[in-house]
Enquirer: 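One structure, as structure tokens, below. Some questions next.
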Amino acid sequence: MLLAVDTLDFGEDEPKAGQSSQPGLGQTSLDVSSTVVADSPLLRSLNPEQVAAVTTDANRLCIIAGAGSGKTRVLTHRIAYRSQIEAIDPRRVLALTFTRKAASELTRRLRQLGLRDDVSAGTFHGVAYAQLRARAAETGRREPQLLERKVGFVAKLISRGDERTQAFDVVTEIEWAKARLISPQKYVDAIRAAGRQPNVDPQHVANLFADYEEKKQRMGLVDFDDLLGLTASELRRDRRWGEAQRWRFRHLFVDEFQDVNPLQFALLKSWLSSEADLCVVGDPRQAIYAWNGADSGYITKFGEHFANSQTLTLRRNHRSSPQILAAAEAVLDPSMSDLEPLIATRNPGPTPTITAYATDLEEAAGVARAVRDARRPGDTWSNQAILTRTNGQLARFEVALRASSIPFRTRAGSDFLERPEVKKLFEGLAQAPSLRIAITDLELELEVADDAYSGQDDIGPGSDVGSGTAGPVDADDLDRHTTIGILVEMAREFLVLDPDGPGSRFAGWLHTAVGSDRSGSITDAVELSTFHAAKGLEWPVVHVAGLEAGYVPLAFAKTHEALLEERNLLHVAVTRAERVLSCSWAQRRTFKSSASDREPSPYLDELARAAVVSASDTIDLRESAQGPQEQLANLRARRAAAAGDEANQSASSVASLSDRRREAVEQWREKRAAGSSVTPAAILSDEHIDALVAAMPTSVEDLIEAGLPPVKANRFGESILQALTLATPARTR
Ligand code: ATP
Ligand code: MG
């Protein structure tokens, strides 16, 4: 089927103003036919490496590249381009990814390219479930019934007297095994080989796992993972049906391929006929699902899995400012440095900021203020996102944004009052004759459990988590307690207003104070998301909040592997930002009923240093005569030198904060004066410098207030502020 090229709508996929997608830059040796480029508008908005990736004929193609390098753009453009030249039929394309959100993002981008509803895009689970249902309808069999309450189901398998075995732990183990294609019989050997130490005796898990499979089958139920395994075996078992499916989808594309686990990989192989083509894109630096069995080896060793394959890379980042890119690179584990860093193509932007707030409440209010301040005239709220490591951390920001009348949307749709744990408690409280007594009981209960959460660096029973992995399963536990704590706090707030109020009145008050979930209907809203759910997405302004040890990395992350993934997660969060990145953390945070002192995330120093250095060393690829590699080498050398300088400075502790700030402004003045061939005093008098250093200004208005003439403040304000910020250690900002 030939696409009508005239109807292609590039929408926001077109290069943005001030953004370079310079085909001439750092010419690659890739063979790209110029007639191809000239012929297709689809290729005009791509850089040469992207054009090569879109136009290559390879039928086993792997693209490994960093965040914001255009992997998803290449994937969607490749589908559109190959449809346009009739190399593929878009109705036979299956575009796969891992979350529903990511699948709808893919669909949105494909629509922008004029592919409307031709292409099928979905998650592995979604496609498998649809195939199984269609199969059941064809054969007159019953549709697979999904087992939804796994923990409850497993709880019934555990004998009554056995209080030590938690159903939740057993389910975690079952999921761990199934993602890796491990049967109950092989479970014990497999965990030994993996060095995994579950909370429950391994043989006991293996027995419960076998009972679980047997009972599930007997009742005609399937769990989420079975959907994948069943589809794969059905495709093999029934050759004719299998062939029909493989014919139906004979062009397979997978986004975020670093997240594929053995079970999904096995299904992918069952979907793939020898004539079919496969294109995968991904980034091992964004591998964040190892806890779920994902194995980034499938992408890094693609050639070993598929003979005669081609692997390409993309080296330019088209999303983030050079400062943000440098910050993102700095938080990665050193083992990731094998992979070539990206080259920034966007214009320099403001230096990322790090703000330490006294408490978590102040952080939430401060971030809400920052959201409002960052909104420039004509901007939409949806230009901004607040990202946190865990879902529970978002609750504070929901409350603060509501209080500031800023519209927001939660990515998971889990609005505060809609969370199951909050809902359940809330229903209980609403019926309490005396809210005061009910709340006191609840606080006492929370205090008992507090012991496990007391240490600032150990906010969860992480030391007991033998696996050392740190997926959302662990984080959820933490989340539950945080959200419950917030509910208790709000009840206290209500009791100040209405000391003897019954629970029913509290319920009414809370609904008006917090509001009900209207987020779904709001179109222009600030996005609230966890790091996990933000993958693949981007916003001009990103606030990464709650950056404390215990959250980033999560307290449960103990092993090297888990810590590496925590760094990847922060990398994912930071690389969502295009222009502005503000990071924050709180020195004191309330968990349930008690507050504890917090330390900043250990990765913040690296982030701050890299961002600051990069701010004075931004690469402007369009103006420089140097090749990208040369520029990169220079940038690295300058970073290394600056890192050394910084170490010397802190060792001798000579320069006081105001000396450093004065020096920074003086240096800026020198540079500016030299550039304009005037004396430094003509740019800024010494008196003005004195006033600025003393005033700690943060805006152009502050500069005017400190005595700088408005003409100068408007002309030089932003760069003076930048110089002052650079000279201020991250933690005092
Ligand atoms: P992630 O790893 O975060 O999923 P990605 O590699 O998939 O990122 P994209 O989302 O495809 O990157 O692209 C990042 C941004 O850069 C998008 O806004 C995209 O439209 C833009 N972009 C990509 N390539 C170009 C280009 N050649 N010219 C202009 N903009 C581009
Ligand atoms: Mg992408």
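Ligands are counted one by one from 1 in listed order, and the atoms in each one are counted from 1 as well. This is a predicted model, so every value here is computed, not measured.
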Enquirer: Are T351 and Q323 close enough that a side-chain donor and a side-chain acceptor fall under 3.5 Å?
Expert: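 No - no donor-acceptor pair under 3.5 Å links their side chains.
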Enquirer: Going by heavy atoms, is S69 under 4.0 Å from ligand 1?
Expert: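 Contact present.
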Enquirer: For Q310 and T56, does a side-chain donor sit closer than 3.5 Å to a side-chain acceptor?
Expert: yes
Enquirer: Decide, yes or no, whether a salt bridge links E578 with R319 under the criterion of side-chain N to carboxylate O below 4.0 Å.
Expert: no
Enquirer: Does the pair R389/E566 count as a salt bridge with the N-to-O cut at 4.0 Å?
Expert: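 Yes.
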Enquirer: Just checking F397 against H543, ring centres under 6.0 Å apart?
Expert: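 No - the distance between ring centres of F397 and H543 does not fall below the 6.0 Å cut-off.
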Enquirer: Please confirm whether G70 comes within less than 3.5 Å of ligand 1 when only nitrogen or oxygen atoms on both sides are compared.
Expert: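 For ligand 1, there is an N or O atom that lies under 3.5 Å from one belonging to G70.
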Enquirer: Side chain, backbone, both or neither: which applies to T72 and ligand 1 if a contact is any heavy-atom pair less than 4.0 Å apart?
Expert: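 Contact part for T72 vs ligand 1: both backbone and side chain.
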Enquirer: When you compare ligand 1 with G68, is there at least one nitrogen or oxygen pair between them that comes in under 3.5 angstrom?
Expert: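 Looking only at distances, the answer is yes, because the N/O contact criterion of under 3.5 Å is met.
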Enquirer: Taking R579 first and then E538, would you say they form a salt bridge - that is, a charged N and a carboxylate O separated by under 4.0 Å?
Expert: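 So R579 does not pair with E538 through a salt bridge.
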Enquirer: Can a non-hydrogen atom of T575 be found less than 4.0 Å from any atom of ligand 1?
Expert: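 The answer is no: ligand 1 sits nowhere under 4.0 Å from a heavy atom of T575.
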Enquirer: Work out whether the distance between some heavy atom of R109 and some atom of ligand 1 is less than 4.0 Å.
Expert: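 Yes, that is the case, since the closest heavy atom of the residue is under 4.0 Å from the ligand.
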Enquirer: Sequence neighbours left out, what passes side-chain hydrogen bond (donor to acceptor under 3.5 Å, both in side chains) with S69? Give chain and number order.
Expert: none
Enquirer: Judged by non-hydrogen atoms, does L46 sit under 4.0 Å from ligand 1?
Expert: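 Right, L46 reaches ligand 1.
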Enquirer: Starting from the Mg ion (ligand 2), count all protein N, O or S atoms within a radius below 2.8 Å.
Expert: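 Considering protein N, O and S only, the Mg ion (ligand 2) has 1 within range.
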Enquirer: For ligand 1, does R576 get within less than 4.0 Å through its side chain, its backbone, both, or neither, judged by non-hydrogen atoms?
Expert: side chain
Enquirer: For the residue pair D277 and L252, establish whether any side-chain heavy-atom pair is separated by less than 4.5 Å.
Expert: no
Enquirer: Between S45 and ligand 1, which residue portion shows a heavy-atom distance shorter than 4.0 Å: side chain, backbone, both, or neither?
Expert: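 For S45, only backbone atoms sit under 4.0 Å from ligand 1.
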Enquirer: Taking the basic N atoms (NZ, or NE/NH1/NH2) and the acidic carboxylate oxygens, is any pair closer than 4.0 Å for R82 and D57?
Expert: yes
